[in-house]
> 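Take a look at this one; I'll ask things after.
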Amino acid sequence: MNNPLTPEQEAALVAAIKQAEITTSGEIRVHLEDTCPTPEPLDRAAQVFAELNMHKTALRNGVLFYLAWDTRQFAVIGDAGINSVVSDEFWEITKEAVLEQFRIGKFVVGLERGIRMVGEQLQRHFPYNATTDHNELDDTISFGDSKPPRV
């Protein structure tokens, strides 16, 4: 995939992730690809979540923001730890806050807003502990080629 973000936009998203994670043991990732190779973006997000080993955090508190850029498909998915302490409504509210910005072409602003919302919940339920916490997952944006698998 060609990176649709400018270097400044990518840096802003990484900074938003780092800021959101500074007060929590939780982990946030953003994954971009051209098109979603599955009928539902949430299914693809679950695949990417596994591929990025996000399920291997100690407290199972990883969150993935998934965006298929060209087809404008979006999902946000959390691991078992965070899912056990936030409501399904939280995910819908977060998704809608992101999509509200996407609809007016503000993709980075939308992702930053969602990252901030997730970071607040992670901080509330998984506060940072200086003696035990470390950054378990890379904060950089990941990219997929999103080409359908050959059969």
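Everything numeric in this text was worked out from a predicted model, so none of it was measured.
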> Just checking, any donor-acceptor pair under 3.5 angstrom between side chains of E33 and Y66?
yes
> I'd like to check T23 versus P127 (side-chain heavy atoms, cut-off strictly below 4.5 Å). Are they in contact?
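Of all side-chain heavy-atom pairs linking P127 with T23, none is under 4.5 Å.
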> Please name the pair of heavy atoms, one in G110 and one in Q101, separated by the smallest distance, quoted to 0.1 Å.
CA-CB, 3.4 Å
> In Å, rounded to the nearest 0.5 Å, how long is the span from CG of L5 to CG of L67?
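That separation rounds to 8.5 Å.
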> Would you call L13 and I115 a side-chain contact if the rule is heavy atoms closer than 4.5 Å?
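A side-chain contact under 4.5 Å exists here.
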> Within the structure provided, determine whether W91 and I82 are in side-chain contact (heavy-atom separation under 4.5 Å).
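Heavy-atom side-chain distance check passes, below 4.5 Å.
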> Flag the pair Q19 / I22 as yes when at least one side-chain heavy-atom distance between them is below 4.5 Å, and no otherwise.
yes
> Tell me the closest heavy-atom pair linking I77 and A45, and the distance in Å.
CG2-CB, 3.9 Å
> Looking at K106 and E112, is there a salt bridge between them, counting it only when a charged N and a carboxylate O are closer than 4.0 Å?
no
> Not counting sequence neighbours, which residues clear salt bridge (Lys or Arg N to Asp or Glu O under 4.0 Å) with E51? List them please.
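Counting only residues at least two positions away or on another chain, E51 forms a salt bridge (Lys or Arg N to Asp or Glu O under 4.0 Å) with R44.
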> Is the shortest side-chain N to carboxylate O distance from K56 to E136 below 4.0 Å?
no
> Could you tell me whether F74 and F102 have their ring centroids closer than 6.0 angstrom?
yes
> Taking all atoms of both residues into account, what is the closest heavy-atom pair of Q73 and C36, and its distance?
OE1-CB, 3.1 Å
> Indicate yes or no: at least one non-hydrogen side-chain atom of F126 is less than 4.5 angstrom from one of D133.
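Of all side-chain heavy-atom pairs linking D133 with F126, none is under 4.5 Å.
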> With salt bridge (charged side-chain N to carboxylate O under 4.0 Å, His left out) as the test, would you mind laying out the steps for E96 and R103 before giving the verdict?
CA-CA 10 Å; E96 201 46 48; R103 288 184 193 104; 2.8 Å; yes
> Return the minimal non-hydrogen interatomic distance between T38 and D43, and the atom names on each side.
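Nearest pair, atom of T38 first, then D43: OG1-CB, 4.1 Å.
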> Scan side-chain atoms only and decide if N135 and D139 contain a donor-acceptor pair under the 3.5 Å cut-off.
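Distance-only check passes for N135 and D139.
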> Between L52 and S142, which heavy-atom pair has the shortest distance, and what is it?
CD1-OG, 3.6 Å
> Indicate if V86 and L122 have the same hydrophobic cluster label, given that clusters are the connected sets of ILVMFWY residues with side-chain heavy-atom separations under 4.5 angstrom.
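Yes; tracing contacts between hydrophobic side chains, which count when under 4.5 Å, links both residues.
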> Just checking, is any N or O donor in the side chain of N61 or E27 under 3.5 Å from an acceptor N or O on the other one?
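No.
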> How long is the span from the CZ atom in R29 to the CG atom in D138, to the nearest 0.5 Å?
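Going from CZ on R29 over to CG on D138, the span is 5.0 Å.
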> How many angstroms lie between atom CZ of F49 and atom NE2 of H31, to the nearest 0.5 angstrom?
13.5 Å
> Should D79 and V63 count as side-chain neighbours, where that means a heavy-atom distance under 4.5 Å?
no
> Linking I/L/V/M/F/W/Y whenever any side-chain heavy atoms sit under 4.5 Å apart, do F90 and F65 land together?
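Per the 4.5 Å side-chain linkage, F90 and F65 are co-clustered.
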> Taking all atoms of both residues into account, what is the closest heavy-atom pair of T35 and P37, and its distance?
O-CD, 3.3 Å
> Check for a donor-acceptor pair, side chain of R60 on one end and backbone N or O of T57 on the other, with a separation under 3.5 Å.
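Not a single qualifying donor-acceptor pair exists.
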